[in-house]
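Beneath this line is the structure, given in structure tokens, with notes to follow.
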Amino acid sequence: MRSSLHVAAGVLAALLVAAFSACDSPLDIETPRNRLVNRVSIPAAELIGAPISLVFPPDTATVDTARTRRFSVAFVVDASGSIPMLTAQAFRDGCNAVLDSLDGEKDEGTLVYYTHTATIAQGLTTQVPLLRAAINTIPNDGATAMWDGIYKAMLELQSKGSHTRKAVILLCDSDDNSSSTGTPAKIVALGQSASITVYSIALGLTNHEIVLRNIVQDTGGMHIPQPALARIDDLCREIAHMLRTP
């Protein structure tokens, strides 16, 4: 009787092993059952309820590889008395939209605003909070020295910018009635010699708008005339993306 039981037990064990072998894991991973079938010398009891570690490859589908391109950017903002409050806020929103894309470590920014003169409100820095604080306190008064503002910003980028890609983002009504040092010819010459691109968002169609358009074209930038106020922040994000893209 005992011999018969031993034989039956042996047959049952053989059938179980055959059943395990005939049914592979539905996942192409190592599981406790796979290890038993493959006769790894670990008792089956120790594998019951054992956790399984799955290692997935990193998802690179959403990685913004364009962020590897660093840049130095100068915001030039019309702060003259002709700018309505809603427009002034839209200009600030646009600048802040660009700041959202700066990495806070290597990307550089500076703020120049102009009334009857041009003022560097924040020198070139990697510190985004300093730039944001300066942008959010831009005044709104006085005459319009647009050429001086662009030229002063370019000089700041030329002397202190550490990145090959340098750009001016101008937010204005396209007028000038007070400049004393900057001229369109100086701006184009400096932009071309120092590889500084000018991007402009101009809400007004003054007699200087065509001159501004030519400056932008001659420095390789983009001129955006009379956009809706609600689109300015999106347009600024697009400009930041272009600067970031190799």
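Keep in mind that what you see is a predicted model, and the values were worked out from it rather than measured.
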- Item | Any side-chain heavy-atom pair of Asp100 and Arg132 under 4.5 Å | yes

- Quick one: does Phe91's side chain get under 4.5 Å of Ile232's, heavy atoms only? yes

According to a hydrophobic-cluster definition based on side-chain heavy atoms being under 4.5 Å apart (Ile, Leu, Val, Met, Phe, Trp, Tyr only), do [X] and [Y] belong together?
{"X": "Leu157", "Y": "Tyr114", "value": "yes"}
{"X": "Tyr199", "Y": "Leu155", "value": "no"}
{"X": "Val211", "Y": "Leu170", "value": "yes"}

- Evaluate whether atom NE2 of His116 has more than 12 neighbouring non-hydrogen atoms of other residues, nucleotides or ligands under 6.0 angstrom away. no

- Query: Can you tell me if CD1 on Ile210 sees more than 12 non-hydrogen neighbours from other groups inside 6.0 Å?
  - Reply: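 Open: at most 12 neighbouring heavy atoms sit under 6.0 Å from CD1 of Ile210.
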
- Task: Could you grab the distance from atom CD of Gln89 to atom CD1 of Ile83, nearest 0.5 Å is fine?
- Result: 13.5 Å

Heavy-atom pair of closest approach, residues [X] and [Y]:
{"X": "Gly94", "Y": "Cys236", "answer": "O-CB, 3.3 Å"}
{"X": "Thr126", "Y": "Glu105", "answer": "CG2-O, 3.5 Å"}
{"X": "Ile138", "Y": "Arg92", "answer": "O-NH1, 4.0 Å"}
{"X": "Pro139", "Y": "Ala79", "answer": "O-CB, 3.2 Å"}
{"X": "Gly104", "Y": "Val128", "answer": "CA-CG2, 4.0 Å"}
{"X": "Arg244", "Y": "Leu102", "answer": "NH2-CA, 4.0 Å"}

- Identify whether the distance between the nearest side-chain nitrogen and carboxylate oxygen of Arg231 and Asp234 falls below 4.0 Å.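 No salt bridge links Arg231 with Asp234.
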
Under 3.5 Å: donor-acceptor pair, side chain of [X], backbone of [Y]:
{"X": "Ser101", "Y": "Ala240", "value": "no"}
{"X": "Asp173", "Y": "Leu203", "value": "no"}
{"X": "Asn140", "Y": "Gly81", "value": "no"}

- Test applied, side chain to side chain contact (heavy atoms under 4.5 Å, CB included); reference residue, His208; option that passes from Ile215, Asp175, Asn177: Asp175

- When you look at Thr119 and Val112, which way does the side-chain contact (heavy atoms from CB on, under 4.5 Å) test go after all the steps? CA-CA 5 Å; Thr119 301; Val112 176; 5.9 Å; no

- Determine which pairs satisfy salt bridge (Lys or Arg N to Asp or Glu O under 4.0 Å) with at least one residue from residues 202-216, sequence neighbours left out, and list them in order. Glu209-Arg213

- Item | Contacts of type ring pair (Phe, Tyr, Trp, His ring centres under 6.0 Å), residue His223, not counting sequence neighbours |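 Result, ring pair (Phe, Tyr, Trp, His ring centres under 6.0 Å) vs His223: none returned.
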
- Item | Worked check of salt bridge (Lys or Arg N to Asp or Glu O under 4.0 Å) between Asp148 and Lys152 | CA-CA 6 Å; Asp148 283 357; Lys152 180 166 282 192; over 6 Å; no

